[in-house]
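Per chain, numbering begins at 1; letters A, B, ... match sequence-line order.
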Amino acid sequence: MTEFLQLVVDGLITGSIFALAGIGISLPYAILRIVNFAQGEYITYGAYCAVLVNIVWRGNMALATVAAMGGVAALSVLLEFGFWRPLRNRRASHFTLLLASFGLSLVMRGVLFVIGSSNPRTYRVNVFQVYDIGGVRLSQSELIAVVLGFVAITLVALLFAKTHTGRTMRALSDDHSLAAVAGVNTDRLIVITWIVTGVLAGLAGVLQGLLQNSFDPNMGGNLLLPVFAAVILGGVGSAYGALAGGLLVGIAMQLSTWSVLWGGLSPIWQQVVAFVVLVLALLIKPQGLLGQARLA
Amino acid sequence: MRKHPASGWWRGGAMALLCGVVALVTVVATATASGDAKPAQKPFQLKIGNIMPLTGDLSAFGPSLDAAAQLGAQLVNAALKADHLSSKFSVRIVDTQDDQSKIPPAVEAAQKLASEKVNVIIGTLSSGSTIAVAQSVAIPKKIVVITPTSSSPAITALNDNNLVFQMGPNDNFQARELATSIAKQIGPHALLNIGWRNDDYGNGASALFKTLWKKQGGRIGVTESWDPNAPSFDSIAQKLVGGSPTAYMIFDFPQTFQKLGPALVRTGKWSPKNTFVSAEFRDANALSAIGAPATDGLRGVASSNGTTALQNSFTAYFKRMEPGKPATGYESFAFDTVILASLAALQADAPSGAKFTKDIVAVSNAPGKHFTYQHLAAAIKAIEAGKKIDYDGVSSPIDFSPQGAPNAARYDLWAYTGGQIKVLSTQTIK
């Protein structure tokens with residue numbers, strides 16, 4: 001039972017990161033129909049912003065996390081004005097935008113390799129501090145990750161459900177033209193979308209960095225498969241779906257190693273498990289658990 | 001009376017024969033006087049390109065080994081100058097490329113070096129990259145590859161037209177020494193849980209070790225491999241600590257262990273004090289960066305030249321010349337590589353790798369007068385005099401098998417305690 005609980009908690013930790021990253025893919029898709037393959041690099045930039053504050057400037061992790069969220073949000077807005085908007089203004093097709101996101105991903109990763117090098121990075125945190133909660137053992141970093149992850153998920157859910165901005169974003173995702181005719185300031189909402197995406201990607205980057213302890217510029221790219229699996233499982237374009245999908249994929253990946261299940265799979269198959277979840281979701285419910293290309 | 005035709009022929013022939021004999025005697029006399037000296041050749045330069053992991057998982061080693069290779073080139077050129085041979089032959093490391101400890105950048109690096117017309121590639125430090133570099137670039141372009149540390153037996157077995165050499169012993173030696181040392185430390189029938197990174201190196205080294213461990217009566221409990229890029233290492237750690245093993249054997253790099261180590265500590269069931277690790281862990285700086293709870297007490301084996309006077313002298317020399325670079329214990333392999341390639345090219349009188357591969361074996365294997373890096377000028381003089389030499393490296397005496405890998409190896413059993421690597425014993429394996 002302890003093993004099961006440990007795996008579920010581990011799954012919730014990784015799943016919360018998949019969920020945060022997944023929202024960052026779902027939101028731009030719902031509002032702008034952009035499948036952003038550069039989301040992995042947004043996440044990595046978050047982790048490196050925190051390195052700048054935590055390691056170079058010797059700031060604490062709280063400050064580093066805020067800086068990461070702010071830094072990636074600023075980068076997202078910058079890319080909206082300097083990259084995505086000019087492409088949209090030239091009426092780039094969905095396929096063009098998809099390819100552009102691939103290109104952006106490669107450029108961002110290359111820049112990070114040049115600036116930050118591929119040397120592994122770590123934060124100044126005590127990774128050996130362990131808390132035993134009813135037999136479930138968590139490091140300080142994991143505890144921070146799970147708490148922050150769920151606080152962020154709750155805030156995002158509240159943003160969409162309770163605030164005017166959230167409701168307007170949902171309206172925009174339902175029908176872009178109708179929302180514009182109804183007087184919604186679509187440009188402003190698009191900027192807000194990228195800010196939310198950036199904040200969540202920055203947070204996901206820091207949490208993943210804490211979870212791994214050591215990371216390099218490929219970190220975010222390595223997360224893309226389970227994150228896309230989460231988005232598709234939850235329903236492409238559905239932020240709530242990405243939340244649910246992220247948690248489910250995280251738990252599925254961890255539970256696949258549970259010894260009670262025919263001895264459990266080897267952990268090297270965990271990424272394959274994410275892929276199987278993705279394929280099953282497409283076969284059984286192509287629109288996803290909560291999706292119909294809507295925000296929520 | 002007509003002269004007998006033979007008499008004229010005889011006189012003319014006798015004259016020709018006499019001239020031939022005189023010429024032969026002159027040549028032999030000259031050759032004897034100079035020890036069968038080689039005829040003068042056009043001046044040439046040996047161009048070397050380094051592929052080192054300056055960043056990435058093996059970045060703890062790359063900069064130091066690159067510096068050691070540069071020192072080797074400097075010493076060779078200094079010895080040539082002392083012998084007044086600088087105008088005839090020189091060695092130049094034309095470029096050092098960073099392979100980021102990954103295969104695709106390593107191949108790109110090799111292509112770049114090939115475009116710079118290098119004769120020898122020194123690198124890489126990991127087996128997967130070395131195989132890729134050899135197969136996709138070096139062998140087709142007839143460039144010699146000498147890897148200072150890549151240890152996979154798959155490199156030894158490459159169909160490489162004798163172009164690929166391993167300075168360090170291959171993993172067969174490591175597996176044998178690990179099995180022997182672990183048996184001595186915890187008993188030959190102990191139960192081991194074995195874990196490894198899921199790549200060419202980890203899969204190959206662990207498979208060899210498992211076979212030898214079982215063959216000598218050892219027992220194996222959990223066996224587990226992992227993706228070095230896995231998003232989380234907790235379930236991997238949980239799996240690896242399953243059962244009640246006497247000890248653990250882990251094949252990994254310190255940079256990946258920085259993720260796995262803390263996860264193992266978190267299980268509460270694992271201790272570094274009953275864990276053996278692969279050769280790459282013999283790096284006090286890297287282990288210190290991971291943290292004592294995951295590293296203090298780790299034991300492992302790694303190839304070395306023991307604590308010979310030659311090794312101590314080289315280590316002191318390296319530290320004096322490169323005070324900013326950490327001595328990882330592998331510098332001598334890169335250093336020897338440059339010297340060996342230079343001596344071989346000099347003996348072959350050709351910078352073309354394809355022409356001097358057999359000379360690499362010839363200048364390092366017996367028979368021949370023994371020389372070390374401390375007597376390079378004398379070694380070069382001997383080669384110029386046409387004498388057979390046997391270069392003894394700092395890393396090992398260097399005796400190659402026909403496949404271009406060392407015939408014998410010396411291994412240290414070491415332990416990491418209190419922030420330092422301590423050598424517990426040294427063994428020579430043949």
Exercise for review: Begin from the C-alpha positions of B/Gln258 and A/Thr122 and carry the test side-chain contact (heavy atoms from CB on, under 4.5 Å) through to its verdict.
Suggested key: CA-CA 9 Å; B/Gln258 197 156 18; A/Thr122 56; 3.4 Å; yes

Review point. CD of B/Gln238 to CG of A/Leu7: how many Å apart, nearest 0.5 Å?
Key: 6.5 Å

Review point. Rounded to the nearest 0.5 Å, what separation is found between the CD atom of A/Gln6 and the OG1 atom of B/Thr267?
Key: 9.0 Å

Point to revise | For the student: nearest non-hydrogen atoms of A/Val127 and B/Arg266, plus distance | key: O-NH1, 3.9 Å

Review point. A/Gln270 and B/Ser232: which non-hydrogen atoms are nearest, and at how many Å?
Key: OE1-O, 4.5 Å

Point to revise | chain B contacts, top residue of A/Gly11, A/Ser256, A/Ser141, A/Ser214 (heavy-atom pairs, under 4.5 Å) | key: A/Ser214

Review point. What distance do B/Glu224 atom CD and A/Ile268 atom CD1 have between them, rounded to the nearest 0.5 Å?
Key: 7.5 Å

Check your understanding: Does CZ in A/Phe150 sit with more than 12 non-hydrogen atoms of other residues, nucleotides or ligands closer than 6.0 Å?
Key -> yes

**Study point:** More than 12 heavy atoms of other groups within 6.0 Å of A/Trp269 CH2
**Key:** no

Check your understanding: For A/Tyr131, is it the side chain, the backbone, both, or neither that has a heavy atom closer than 4.5 Å to a heavy atom of chain B?
Key -> neither

Exercise for review: Please determine, among B/Gly242, B/Ser235, B/Ala263, B/Ala230, the option with the most heavy-atom pairs under 4.5 Å with chain A.
Suggested key: B/Ser235

Exercise for review: Select one option (side chain, backbone, both, neither) describing which atoms of A/Glu142 are under 4.5 Å from chain B's heavy atoms.
Suggested key: side chain

Point to revise | Residue A/Leu225 versus chain B: region with a heavy atom under 4.5 Å | key: neither

Check your understanding: Can B/Asn229 and A/Gln271 be said to form a side-chain contact (heavy atoms from CB on, under 4.5 Å), step by step?
Key -> CA-CA 10 Å; B/Asn229 296 317; A/Gln271 294 267 6; over 6 Å; no

Point to revise | Heavy-atom side-chain contact between B/Lys239 and A/Thr257 under 4.5 Å | key: yes

Exercise for review: Compare every heavy atom of A/Leu211 with every heavy atom of B/Pro231, then report the nearest pair and how far apart it is.
Suggested key: O-CD2, 4.1 Å

Review point. A/Asn218 versus chain B, heavy atoms under 4.5 Å apart: side chain, backbone, both or neither?
Key: side chain

Check your understanding: At their closest point, which heavy atom of A/Phe128 faces which heavy atom of B/Gly291, and how far apart are they?
Key -> CE1-CA, 3.9 Å

Review point. Given that the side chain runs from C-beta out, which part of B/Leu54 has a heavy atom under 4.5 Å from chain A: side chain, backbone, both or neither?
Key: backbone

Revision key, fill the gap. Smallest heavy-atom separation, B/Ser225 atom then A/Ser266 atom, equals O-OG, 4.0 Å

Revision key, fill the gap. Looking only at B/Val265, B/Ile236, B/Asp227, B/Asp234, the option with the highest number of non-hydrogen pairs under 4.5 Å against chain A is B/Asp234

